[in-house]
*Asks:* 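Starting off with a structure, shown below.
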Amino acid sequence: EIEPAFTGGFRRVLDQGWWVEKGEAAHGLTVSFPGHGTLATGLFPSNHGFTANESWLQLGEEWRSVSVAGDPTVRMVGRDSQSGESPRHFEGSSIGDWVKSASPQAKSIAIGSDAAIVYGGRKPDGVYWFDPAAGGFTTSTYYSTTRPAWVEALNASIAGLPREWAYEVPEQWRRLADHPDRCPPMQPLQGFPHRFDAANGSHLSWVGSTPLVDDLLLRQVGNIVQAERLGTDSTPDYLAIAVSSTDSVGHEYGPVSEEQVDALLRLDAALGAMLDDLDRIVGKGRYVVGISADHGSVDPPEQNCLRRVTTPEIEAVLDRVEAIANSHTGNQAELTDKIVAELKRVDFIGDVYTKDSLDRAPESDWKAQLMKRSFRPGRVTDFPLWTNKPRVHHPARYGIFVQFKEGMIFDHARSVHGSPYGYDRLVPVIFYGAGVPSRRLDEGGRTVDVAPTLAALGGIPLPENLDGRALLEAP
């Protein structure tokens with residue numbers, strides 16, 4: 001229980017704000033773009049269109065995994081040879097769009113991971129994400145052909161960040177990371193301090209995987225607000241910060257680790273500095289903050305002596321699917337049934353879904369109901385059956401996707417999220433600031449309610465046909 005260790009921004013918003021401890025990402029595929037898209041739009045992934053981080057698509061003669069944010073019609077600013085990212089495949093409207101629609105002079109800015117794309121919406125004043133190969137925070141030509149001076153200044157500060165990540169957790173809270181593996185770990189952890197090694201890549205790549213960039217970013221929010229002239233009048237502006245270090249640290253070291261405790265306490269202090277800056281620049285009682293997460297996380301299976309699914313096991317399953325497809329002589333519906341039957345025989349696969357099976361699923365099948373909210377025909381992901389080989393007949397080609405059994409993850413990282421189980425779905429939902437009462441709830445809020453609630457607190461009209469609802473209203 002890390003809450004008592006907070007003394008900065010998290011302490012302030014938990015004590016003075018409205019907090020649902022066990023909020024819910026109420027959809028089945030709990031990965032980054034679907035989760036952020038739902039936070040930003042008040043829509044489930046099936047409706048906002050970013051149902052996964054990648055879709056299995058045919059490009060020329062080849063079938064492969066393609067990023068949902070990828071856009072070959074635009075370029076990355078800072079590395080023109082690289083195709084860029086945009087909301088091209090995004091079907092919803094985000095809170096950034098609602099703010100701009102409510103008042104043409106309003107501003108909408110989003111920065112952080114490339115999930116910032118969904119928060120900015122279609123016509124923001126700026127969207128920036130961290131790309132080490134482009135020199136730090138950058139954008140694509142969908143938004144602009146240049147980076148503003150404040151982004152360049154931020155990148156210069158990032159370049160000067162330390163080459164070492166030291167353990168700064170006070171002694172009294174170090175017990176929070178006591179969560180030993182009961183079975184041998186996937187790989188031994190080196191422990192603190194973590195040092196940059198040029199043999200493993202650039203300094204920007206390394207520092208971007210630590211909490212140091214997010215720490216700096218939150219402490220620079222005041223400068224961003226001033227540079228963009230946010231909050232200077234009665235028209236509501238919007239600033240989204242997509243923090244990514246808790247995700248990268250969780251993947252690399254696990255959700256309960258020295259590294260994650262250190263990351264969270266750094267973010268607590270940085271959030272406190274950010275709120276102090278907002279008080280000074282915008283004014284106390286003149287802003288609203290929403291905090292949540294796109295997904296949860298699971299303990300590495302070794303901590304509970306559970307089985308970890310290996311890449312060779314996944315490749316063997318996909319090899320069998322390829323063999324079935326290559327020898328099949330009937331129609332596609334029959335082939336789909338054969339592939340589904342083969343996948344159901346795999347001992348680490350818990351559920352196999354198609355559009356037809358989701359349409360037929362009873363209301364009592366809670367996992368299927370959650371997966372309906374993560375399914376959109378033509379945008380089926382290869383996750384978690386990731387492959388390192390060319391695959392003409394990956395199940396995703398036939399609209400088939402799977403979930404592993406509870407507690408099982410694959411070997412691409414120490415900890416992996418993405419399932420419909422509670423450990424991946426339950427997240428905090430927090431609001432703080434103007435018009436927000438102080439209250440703690442055990443449950444009763446969903447990530448799909450975050451954008452509608454922020455908009456309502458800001459007096460921004462909501463679009464029709466949202467999946468979420470406003471949990472609070474402006475006084």
Side-chain angles (χ1 to χ4, degrees), residues 20-31 34-35 37-39 41-52 292-299 301 304 306-307 309 317 333 336-385 395-396 398-410 416-429 441-450 452 465-469 471:
V20 180
E21 184 175 358
K22 297 177 183 177
E24 181 187 9
H27 50 266
L29 186 58
T30 48
V31 293
T38 292
L39 283 163
T41 65
L43 296 171
F44 292 124
S46 56
N47 289 325
H48 65 61
F50 277 12
T51 55
S292 191
D294 49 325
H295 53 72
S297 188
V298 65
D299 286 338
N304 299 301
L306 298 175
R307 173 183 170 188
V309 180
V317 170
T336 298
D337 289 342
K338 286 183 179 179
I339 295 173
V340 168
E342 177 62 32
L343 294 173
K344 286 183 175 180
R345 283 192 283 268
V346 178
D347 63 355
F348 55 82
I349 291 178
D351 300 283
V352 183
Y353 298 107
T354 65
K355 182 181 184 302
D356 287 344
S357 70
L358 289 176
D359 288 343
R360 296 193 307 267
E363 291 293 327
S364 59
D365 187 342
W366 62 270
K367 283 185 287 184
Q369 297 306 317
L370 290 170
M371 294 309 298
K372 280 185 181 182
R373 297 171 178 172
S374 292
F375 180 79
R376 192 178 183 95
R379 298 189 184 183
V380 177
T381 182
D382 56 332
F383 177 88
L385 296 178
Y398 303 98
I400 303 168
F401 61 110
V402 309
Q403 283 293 338
F404 290 165
K405 291 179 179 177
E406 187 169 7
M408 288 189 175
I409 59 174
F410 55 26
V416 180
H417 52 83
S419 81
Y421 302 110
Y423 48 73
D424 282 340
R425 289 198 344 267
L426 297 182
V427 297
V429 174
L441 300 171
D442 183 56
E443 56 187 17
R446 305 169 300 169
T447 58
V448 75
D449 302 322
V450 169
N465 301 318
L466 294 181
D467 296 315
R469 63 185 179 91
L471 301 171

*Asks:* For Phe404, give me all partners under ring-ring contact (aromatic ring centres under 6.0 Å, His included), at least two apart in sequence or on another chain.
*Replies:* Phe348
*Asks:* Asp299: what forms a side chain to side chain contact (heavy atoms under 4.5 Å, CB included) with it, not counting sequence neighbours?
*Replies:*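 Per chain and number, Asp299 pairs via side chain to side chain contact (heavy atoms under 4.5 Å, CB included) with His179, Pro255, Val256, Gln303, Asn304.
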*Asks:* Listed by chain and number, what are the side chain to side chain contact (heavy atoms under 4.5 Å, CB included) partners of Thr381, not counting sequence neighbours?
*Replies:* Leu29, Ala52, Glu54, Phe383
*Asks:* Sub-3.5 Å donor-acceptor pair from the side chain of His417 to the main-chain atoms of Val298, do we have one?
*Replies:*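 A pair under 3.5 Å: no.
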*Asks:* Which pairs, with at least one residue in residues 363-380 and sequence neighbours excluded, count as a side-chain hydrogen bond (donor to acceptor under 3.5 Å, both in side chains)?
*Replies:* Glu91-Arg379, Asp351-Lys367
*Asks:* Just to verify, what does Arg307 make a salt bridge (charged side-chain N to carboxylate O under 4.0 Å, His left out) with, not counting sequence neighbours?
*Replies:*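 Arg307 satisfies salt bridge (charged side-chain N to carboxylate O under 4.0 Å, His left out) with Glu313, Asp347 once adjacent residues are dropped.
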*Asks:* Checking Leu343 now: which residues fulfil side chain to side chain contact (heavy atoms under 4.5 Å, CB included) with it, not counting sequence neighbours?
*Replies:*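 Per chain and number, Leu343 pairs via side chain to side chain contact (heavy atoms under 4.5 Å, CB included) with Val317, Val321, Ile339, Ile349, Val352, Leu385, Pro395, Ile400, Val402.
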*Asks:* How long is the straight-line distance from NE2 of His48 back to OG1 of Thr38, given to the nearest 0.5 Å?
*Replies:* 3.5 Å
*Asks:* Just wondering, do Leu466 and Leu43 contact through their side chains at under 4.5 Å, heavy atoms?
*Replies:* yes
*Asks:* Please name the pair of heavy atoms, one in Pro301 and one in Gly407, separated by the smallest distance, quoted to 0.1 Å.
*Replies:*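 Looking at all heavy atoms of both residues, the shortest contact is CB-O, 4.0 Å.
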*Asks:* Calculate, to the nearest 0.5 Å, the distance between atoms CG and CD belonging to Leu426 and Glu21 respectively.
*Replies:*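 Nearest 0.5 Å value for the CG-CD distance: 10.0 Å.
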*Asks:* Ignoring hydrogens, what is the shortest heavy-atom contact between Gly399 and Val380? Give both atom names and the distance.
*Replies:* CA-CG2, 3.8 Å
*Asks:* Sequence neighbours left out, what passes ring-ring contact (aromatic ring centres under 6.0 Å, His included) with Phe401? Give chain and number order.
*Replies:*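 With sequence neighbours excluded, Phe401 shows a ring-ring contact (aromatic ring centres under 6.0 Å, His included) to Tyr353, Phe375, given in chain and number order.
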*Asks:* Tell me every residue that passes ring-ring contact (aromatic ring centres under 6.0 Å, His included) with His27, counting only those two or more places apart in sequence or in another chain.
*Replies:* none
*Asks:* Can you list everything that forms a salt bridge (charged side-chain N to carboxylate O under 4.0 Å, His left out) with Asp449? Sequence neighbours excluded, please.
*Replies:* Arg446
*Asks:* Looking at residues at least two apart in the chain, or sitting in another chain, which of them share a salt bridge (charged side-chain N to carboxylate O under 4.0 Å, His left out) with Arg345?
*Replies:* Glu342
*Asks:* Strictly by side-chain hydrogen bond (donor to acceptor under 3.5 Å, both in side chains), give each pair with a member in residues 420-429 just once, sequence neighbours left out.
*Replies:*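 Counting only pairs at least two positions apart or across chains, the side-chain hydrogen bond (donor to acceptor under 3.5 Å, both in side chains) contacts touching residues 420-429 are Glu24-Arg425, Ser419-Asp424.
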*Asks:* Nearest heavy-atom pair of Gly42 and Pro452: which atoms, and what distance?
*Replies:* CA-CD, 4.0 Å
*Asks:* Between the main-chain N or O of Gly418 and the side-chain N or O of His295, is there a donor-acceptor pair closer than 3.5 Å?
*Replies:* no
*Asks:* Between Val427, Val429, Asp442, which is the residue that forms a side-chain contact (heavy atoms from CB on, under 4.5 Å) with Val20?
*Replies:*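 Of the listed residues Val427, Val429, Asp442, the side-chain contact (heavy atoms from CB on, under 4.5 Å) partner of Val20 is Val429.
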*Asks:* From Thr51 OG1 over to Phe44 CZ, what is the distance, rounded to the nearest 0.5 angstrom?
*Replies:*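 Here the interatomic distance stands at 14.5 Å.
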*Asks:* How long is the straight-line distance from OG1 of Thr447 back to CG of Asp294, given to the nearest 0.5 Å?
*Replies:* 9.0 Å
*Asks:* Considering residues at least two apart in sequence or located in another chain, which fulfil the salt bridge (charged side-chain N to carboxylate O under 4.0 Å, His left out) criterion with Lys355?
*Replies:*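 Once residues adjacent in sequence are excluded, the partners of Lys355 under the salt bridge (charged side-chain N to carboxylate O under 4.0 Å, His left out) criterion are Asp359.
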